[in-house]
Amino acid sequence: MPLKLHPDTSNKSEKSDLLKGLNSKQLEAVTSTEGPLLIIAGAGSGKTRVLTYRIAYMIQQGALPGQILALTFTNKAAKEMKQRIAKLVSPEAAAAIYAGTFHSIYARLLRQNADKIGYTSDFSIYDTDDSQSTIKSILKDLNITKDQVTPQAVQSRISYAKNRMIGWQEFASKASSPVDRIAARVYQEFDKKLVQCNAMDFDDLLLNMINLLKSSGEMLDYYQNRFQYILVDEYQDTNRSQYLSLNYFSAQHKNICVVGDDAQSIYRWRGAEIRNILDFQKDYPNAHLVRLEQNYRSTKTILSAADAVIRMNKGQIPKKLWTENDEGNKITLKQLNDDRDEAEYVSKIISQKISLGQNYSNVAVLYRTNAQSLLFENSFRAKNIPYIIIGGISFYKRKEIKDTVSYMKLLINPNDDESCIRALNEPPRGIGKTTIEKVREFANQHSIPLFQAFSRADEIQELQPRFKLSASKFSNLILKYSQIIKDENSDIFIRQYLEETGLVQFYSEMDTDDAQERVRNISQLISDLTRYYANTDNPTLSDYVQQISLITDIDEKDTSQNRVTLMTLHSAKGLEFPNVFICGLEAGLFPLSRTETNIEEEEEERRLFYVGITRAEKDLYLTYAASRMRFGEINRQMKSKFLNNIPSTLFSSSSSTILPQQQFSPPINSFTGNMVPKRDNSNIPQFDDLHVGKPNFEYSQIQDEEELKPGDKVRHNLFGEGKVISLAGSRTNIQAIVNFQGLGKKKLMLQYAKLEKIK
DNA sequence: GACCTGCTGATTTTT
DNA sequence: TCAGCAGGTC
């Protein structure tokens, strides 16, 4: 169907403005709006710009924003794309576009039609931890011990199968090893359990989308008409189920545009199939192909290094990435004695750059494994280098946050057994393992959710009266508030509910730093919920919980501030920085040792190195250490074989001489265990960036403007109104004792507690 | 049922 | 190195 001109946006000058500044290939990609289009976009070739402009152009040409489906790799990328479209076209248009990750968009669509596939719209989304603990309980029910198979092994096999659209029946029929046979058995139970719990894991969001499309002709018809234009970013990293769902969506109109680069495929281990991009032209025989090969990001030197590396891979499509940029600085290769020296070296270079007028935010430090971040953190903190870590333990994976979210989930989806278990004994209610086992048995016998079994505790003969009492207290609390929320959907009641769970009070009363931090985190989550209710049309708790279930590490970080970014090479995909350090280039670490025996895995590692190199705009530093502490032991190692792929002419003269491996100097410290500074989070600017949307952590504003004094009336987000009893501590670390109405006295750190002074 | 202690395995990468 | 867990004790 050709595009019709939109009457009010067909302004000629706007249109030409939009296309101005694009090179001929980019222009071709932007304006080829009809039919299947494959864009092979080399690193730094302006891919994001092309996608954004293409959408804006389509809208200008008459496409309805609500008919556009744009799938990106992170929610952040989608958000940025929408922001740019808001400027290029209009905020209304941007808001109407369906843009997000596969998982978040599909979750949204599934919510609207959950009943068609046997769920309710309030289904829970299980993250990896939830799934694993479900698997553990299944293993227990099946009397399978850890000696036979680990829950992790089972989980990864199930996920592997799901990613490739292999159901349990097929998996069972092909299972040849004992572990596979167990996994097949668990897989079957797991599927059943998830449906019972009204829950989906990450893989199910994709699979169920396909099930939904297959569920009826009308459904398929509806969505094929609904999404007239489909755009997919990072197509090389899509898996089988993503691929199939796209085929369903686009089968009629075939207006599908995929963008990718086979050289940057780094998620094979997660089920991504490069063949999706390689076979696109087979799938759509009349597909138009555009190659974006001009790089606007990096210097010639960096590009040469990247090219030299990727050329070592056999299974790559030949590409000629080129740039008009300068030759630029040589690459620095540095050998250090050990991992601590490596961190010191990186800090030193960063400090030098800062003194020459660079910004911290122009620097990224990339590594293979999250565990490597610790030494950089220590060193940066000692040198007052502000930094942000992406990845590692996410805010939403913290115990107290998961517990709080479990209470929310349970309120909207009482079938959710995982949340029930989590919430049940946090804070401790005196219901122990034996009791839970008895209730679980009862639930299994009657095929009812765990929560329902707790509500019927009276009927369970073997339970002692005191357990029956605490069980009914627990279920009454949930039932009471789920009714209240149904009657009046307001965040006020959710806050009240969370307070009544006693979770915050439990931590508040524990006088440890750790507990105080947990209180702060919970209160931050609650502020976020409040903000969500204030800023969203038709907010619901269910929607909020689903949103935060799908937040990715990179989404939740505010990278706009002036600080160094620390992250894994995987997380760096799609980003760019003037200065990039790639650290830990050692045999066994990068490439990881387990990949060395498998050519395909090693090629994937090499692509990962390629991705890392091509993040750099101007200066690239490659470092490796002769010895490194791993698993609490000091290991000596050789430099990475990947370094041999880069011609030595590209390295600066100040680079370390590339020593033959045998000549490595021995590590200076034979044992550094005690010398590594303890992790100390006290002065890192971290609380403001662990967040959905805009964090706005408004701490310490009050005491800066007007000092609190005993007798003042204050309001706390969670505890409500109260009166300041006393203040103690140093200026930067004031502790207040506040008497809250109905709650009694609480000790609060002013620096973190959000106290609002009221008249 | 709560708490303590000593053992074990984890470090790939993430929606 | 250290978090998480099983197993023992009160």
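Residue numbering restarts at 1 for every chain, and letters A, B, ... go by the order of the sequence lines. Computed from a predicted structure; not experimentally measured.
Nucleic acid contact for K136(A): sugar-phosphate only, since backbone atoms but no base atoms lie under 4.0 Å from a heavy atom of the residue.
With sequence neighbours excluded, the residues forming a side-chain hydrogen bond (donor to acceptor under 3.5 Å, both in side chains) with T101(A) are S104(A), listed by chain and number.
Side-chain atoms of K409(A) never come within 3.5 Å of backbone atoms of V545(A) as a donor-acceptor pair (strictly under, hydrogens ignored).
The aromatic rings of Y106(A) and F102(A) sit perpendicular to each other, their planes meeting at more than 60°, with 30° as the lower class boundary. Using the six-membered ring where Trp is involved, F123(A) and Y119(A) have ring planes that are perpendicular, over 60° apart on the 30 and 60° scheme.
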Annotated protein contacts, base or backbone, on nucleotides 9-15 of chain B with a non-hydrogen cut-off under 4.0 Å, one of B, S, - each: -BBBBBB
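Going from atom CD of Q372(A) over to atom P of dT1(C) covers 18 Å, rounded to whole Å.
The minimum heavy-atom distance between D262(A) and R607(A), with the atom names listed, is O-CD, 3.4 Å.
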